[in-house]
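Letters A, B, ... mirror the listed sequences (proteins, then strands); counts begin at 1.
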Protein chains: 2
Amino acid sequence: MPSSTQRPEPPYLQIVAEIRTRILTGDLRPGDRMPSIRQIAQRWGVAIATATKVMAALRDDGLVETKVGAGTVVSACTGQTQPVGLTTPLRLRRAGAPKQALNRKQVLRTAIAIADIEGLDAVSMRRLAAELGVGPMSLYRHVSSKDELVMQMTDEVFGEPELPAPGPEGWRAKLELISRRQWELCRRHLWLPRAVSFIRPLLVPNMMAHTEWTLRALDGLGLAMTTRIREALTLHALVLTAALSMANEVEAEQETGVTLDRWWLTQRQRADELLHSGRFPLLATVIGEEVSDVNGLFEYGLARHLDGFAALVEDEARTRP
Amino acid sequence: MPSSTQRPEPPYLQIVAEIRTRILTGDLRPGDRMPSIRQIAQRWGVAIATATKVMAALRDDGLVETKVGAGTVVSACTGQTQPVGLTTPLRLRRAGAPKQALNRKQVLRTAIAIADIEGLDAVSMRRLAAELGVGPMSLYRHVSSKDELVMQMTDEVFGEPELPAPGPEGWRAKLELISRRQWELCRRHLWLPRAVSFIRPLLVPNMMAHTEWTLRALDGLGLAMTTRIREALTLHALVLTAALSMANEVEAEQETGVTLDRWWLTQRQRADELLHSGRFPLLATVIGEEVSDVNGLFEYGLARHLDGFAALVEDEARTRP
DNA sequence: TGGACAAATTGAACTAGTACACTCTTGGCG
DNA sequence: CGCCAAGAGTGTACTAGTTCAATTTGTCCA
C-alpha cells in the first residue's frame with residue numbers, strides 16, 4: 001500500500017503521524033516494541049532510508065527509545081495518560097509481559113526476590129529468565145555466568161544497609177554495629193552466607209566497603225594494619241558462620257514442613273540414631289534445643305571475640321602508650 | 001578338564017581344596033570376586049548342585065562371604081600373609097582393573113583423591129565413575145546423590161585425625177589441639193571448607209565426634225551446656241572460615257598460573273581497579289600482602305577468641321567457685 | 001539506494017546431575 | 001535343570017548451565 005504522493009507532505013512524515021497516533025491512542029504502549037526499520041520499510045513499501053528517517057523523527061520527539069541491536073521501544077514517559085485498562089505492574093514479571101528493555105538492576109532484584117522466597121537453588125537461569133519474560137540466553141548479556149550472577153546479587157544486597165559515616169563512639173560499639181548490620185542482612189536473605197562461601201570477596205565492592213568501614217573503625221588504636229585486617233575478616237567470619245547455621249536450621253524446618261522427601265527423612269532418622277547411639281553422650285543432651293538458638297550463638301561468638309580483642313587493645317595501649 | 005574320579009574324595013572337596021589353595025597363595029586376594037556358582041560348574045564340568053556345595057563349604061570355612069544377587073567375595077580376614085608381588089594400589093583405579101565389588105570406601109577415596117588434586121568441581125559423577133571403570137549410574141548404588149557423596153567425603157576425611165583420648169592438660173591446650181587438627185585437615189584437603197558450608201553438620205558422624213571431643217574438653221569448667229555448645233561451634237567456625245580464605249587464595253594462584261581464563265583475568269583487573277579507585281584507601285594499603293598469610297589469620301582469630309573465652313571462664317569461676 | 005557492520009538477542013547443542021525402568025548376574029530352591 | 005528373588009549395573013530421558021553460531025536490529029558509508 002503506497003502512500004498517497006499527491007500531498008506536499010513527504011511520505012516519512014505521514015508514517016510518523018500514523019505511528020504517533022497509534023502510540024497516543026494506546027495501541028502501542030510504553031515498553032512495547034516498535035516495528036523495526038526493515039519492517040516499516042516493507043510494510044509501507046518505502047526505502048530503508050525513509051524508514052530510518054521515521055525512526056529518527058520519532059526519537060527526536062522523545063516518543064521512542066532506540067538501542068542498536070536490541071530494537072526500538074516506546075518510551076516510558078510519553079506524557080499521555082495511561083490509556084485503556086490493565087495496570088502495568090500486573091502485567092510485568094510474567095511470561096507474556098510487554099517487551100521491556102532488560103537492565104541488570106532488574107535482573108538482580110528479581111533473582112534476589114526468588115532467592116529470598118524459594119532459596120538460592122530455585123534461582124536457575126531459565127527460571128529467572130521466565131520470570132523476566134525473556135529467553136534464558138538473554139541473561140548472559142548482563143551477567144557472564146551464574147557465579148557472577150550470585151556475586152552481583154551479593155553485592156546488591158550488601159549495598160542495602162547504610163553505614164553511618166562516623167558511627168557511634170568507641171571501637172566496640174562500632175564493631176558491634178557493623179556486625180549486627182551484617183547479621184540483619186543474613187536474616188533477611190537466608191541464601192547470603194552460602195553465597196558468600198562461593199565467591200571471591202575481593203570482587204564484591206559493597207562487601208569491600210564493609211571491610212573498609214571496619215578498618216576505619218579500628219583506626220587510632222595503635223594496631224598494625226595486619227592486625228586490623230585480620231580483625232575485620234575474623235569478625236566477618238563470625239557473622240557469616242552463625243548465619244550459615246541459621247540458614248541450615250530454617251531450611252531443615254521448611255523441609256520438614258513441606259516436602260518430606262524420603263531421602264531427607266532417612267537422613268533425619270540417621271541423624272537421630274547417631275545422636276542416641278551412645279557415641280555422643282554430651283551432644284545428645286543438647287541438640288535440638290540450644291543449637292537452634294542461632295541468635296544466641298551469634299551473640300556469644302561476637303561477645304567472646306570482642307572480649308579477646310579488647311584484651312589485645314589494652315595490651316597494646318599499655319606497651320606503647 | 002574333568003577332575004580325576006579315581007580318588008575316594010568327592011569331587012566338590014577337590015574343588016574346595018583347589019580354590020582354598022588359590023586363596024592361601026594369594027592368587028585370590030581378600031575382596032576379590034570368586035567365580036560364580038555357574039562359572040565353577042562350567043569350568044570344572046560339574047553340576048550346579050556340586051558347585052553350590054563347593055560354595056557352601058568355603059563359606060563354612062569362613063574363607064568367602066556371599067551375598068545373594070551380589071556374588072561371592074574372598075573374606076577380608078583370611079589370616080594369610082600378603083603374598084606375591086605387585087602392590088595392590090597400582091592395580092586399582094583403572095578401567096582394566098580386576099572386577100572387584102565396588103564398595104563405598106573405594107568410591108570415597110577416589111573422589112577425595114580427585115578433589116585433593118583438581119578441586120571439588122572436578123568431582124563429577126561421570127568423571128568419578130570413569131576413574132573407577134564403571135558407568136556413571138553405578139555410583140548411585142553407593143551414594144544417593146552428589147550432595148551425599150560430598151557429605152560422605154567430608155565424613156571420611158574428618159575421620160582421619162585421631163583425637164587423643166584424654167588430651168593434654170587444661171582446656172586451652174585441648175581447644176588449641178583440636179582446632180589445629182582441623183586446620184591441618186583443611187590444609188590437606190582444600191575443598192573441605194567449601195564442602196562443609198553445603199552440608200548439614202548433623203549428618204556427618206565424624207564431624208560430630210569432633211564436636212563431642214570439644215564438649216568433653218570443656219567439661220568441669222562450670223559452664224552451662226548451652227555455652228559449651230556455642231563455644232564448640234564458634235571454634236569450628238573460626239577454623240573453617242580461615243580455611244575458606246586459604247582455599248580461595250590457593251585457587252586464585254592456581255588460576256593465575258594455569259588457565260588464565262579471560263573471564264578471571266577481567267575479574268582480577270576489576271578487583272585491582274576497585275582497590276585503587278580511592279574508595280577503599282585503607283584496604284588498598286594491605287591487600288595482597290597480609291591477607292595472603294592465612295595461617296596468621298587463623299592464629300589471630302583463634303588467639304583472640306580463646307582470650308575472650310578465658311575471660312568468661314575466669315568470670316564463671318569467680319562468681320560460682 | 002544498497003550493502004557492510006557491530007551490538008543484542010536467540011536457537012541448537014553440549015555437558016552435568018539425576019530419576020526411572022530395564023537387563024543381567026547371582027545364589028537359592030523345588 | 002529351570003525358575004525365583006535380590007541386587008548390581010545400564011540406557012533413556014529430563015532439567016540446568018553454558019557455548020557457539022546464526023539472526024535481527026539500527027547505523028554508517030560508498
> In whole angstroms, how far is the P atom of C:dG17 from the CD atom of B:E148?
Replying inline: 16 Å
> Nearest of D:dG26, C:dT26, C:dT18 to any side-chain atom of A:I37?
Replying inline: D:dG26
> When the distance from CZ of A:R59 to C1' of D:dT25 is rounded to whole Å, what number comes out?
Replying inline: 12 Å
> Heavy-atom count around A:Q42 CD within 6.0 Å, excluding the residue itself: above 12?
Replying inline: no
>> Could you tell me how far apart A:D121 (CG) and D:dT15 (C1') are, to the nearest whole angstrom?
In response: 14 Å
> D:dT18 P sits how many Å from A:D147 CG, rounded?
Replying inline: 7 Å
> When only distance counts, do a donor and an acceptor, one from the side chain of B:R141 and one from the base of D:dG7, lie under 3.5 Å apart?
Replying inline: no
>> Measuring to OP1 and OP2 of D:dT15, would you say a side-chain N or O of A:S124 lies under 4.0 angstrom away?
In response: no
>> Looking at A:D121, I want to see if its CG is surrounded by more than 12 non-hydrogen atoms of other residues, nucleotides or ligands under 6.0 Å.
In response: no
> Given D:dG26, C:dT1, C:dG28, which nucleotide is nearest the side-chain atoms of A:M55?
Replying inline: D:dG26
> Within this structure, what is the CG-to-P distance between A:L139 and D:dT19, rounded to whole angstrom?
Replying inline: 14 Å
> Can a side chain N or O of A:S36 be found less than 4.0 Å away from OP1 or OP2 on D:dT25?
Replying inline: yes
>> From C-beta outward on B:R126, which listed nucleotide comes closest to its side chain: D:dG17, C:dG17, C:dA19?
In response: C:dG17
>> Does A:E156 form a side-chain hydrogen bond (donor to acceptor under 3.5 Å, both in side chains) with A:Q152? I'd like the steps, not just the answer.
In response: CA-CA 6 Å; A:E156 181 78 12; A:Q152 299 212 16; over 6 Å; no
>> Among D:dT10, C:dT1, C:dT26, which nucleotide has an atom closest to any side-chain atom of B:R38?
In response: C:dT26
> 5'-most contact on DNA chain C: B:R127 or B:Q39, nearest heavy atom basis?
Replying inline: B:R127
>> For B:V68 and B:Y140, find the nucleotide of DNA chain C closest to each by heavy atoms; which residue's nucleotide sits nearer the 5' end?
In response: B:Y140
> To the side chain of A:M137, which of D:dG17, C:dG11, C:dG28 is closest?
Replying inline: C:dG11
>> Tell me the interatomic distance from A:M34, atom CE, to D:dG26, atom P, rounded to whole angstroms.
In response: 8 Å
>> Regarding A:A47, tell me which of base, sugar-phosphate or nothing describes its non-hydrogen contacts under 4.0 Å with the strands shown.
In response: sugar-phosphate
>> Between C1' on C:dT15 and CE on A:M125, what's the gap in Å once rounded to a whole number?
In response: 16 Å
> Of the nucleotides D:dG9, D:dG26, C:dT1, which has the atom closest to the B:S138 side chain?
Replying inline: D:dG9
>> If I take atom CD1 in residue A:I48 and atom C1' in nucleotide D:dC28, what distance separates them, rounded to the nearest angstrom?
In response: 13 Å
>> Starting the side chain at C-beta, find the nucleotide from D:dG9, D:dT18, D:dG26 nearest to A:T72.
In response: D:dG26
>> Exactly one of B:V73, B:T66, B:V64, B:L63 should register a side chain to side chain contact (heavy atoms under 4.5 Å, CB included) with B:M34. Which one does?
In response: B:V64
> Less than 4.0 Å between a side-chain N and a carboxylate O, is that true for B:E18 and B:R22?
Replying inline: no
> At under 4.0 Å between heavy atoms, what does A:V143 touch on the DNA or RNA strands: base, sugar-phosphate, or nothing?
Replying inline: nothing
>> Tell me whether A:D61 at atom CG has more than 12 heavy atoms from other residues, nucleotides or ligands lying less than 6.0 Å away.
In response: yes
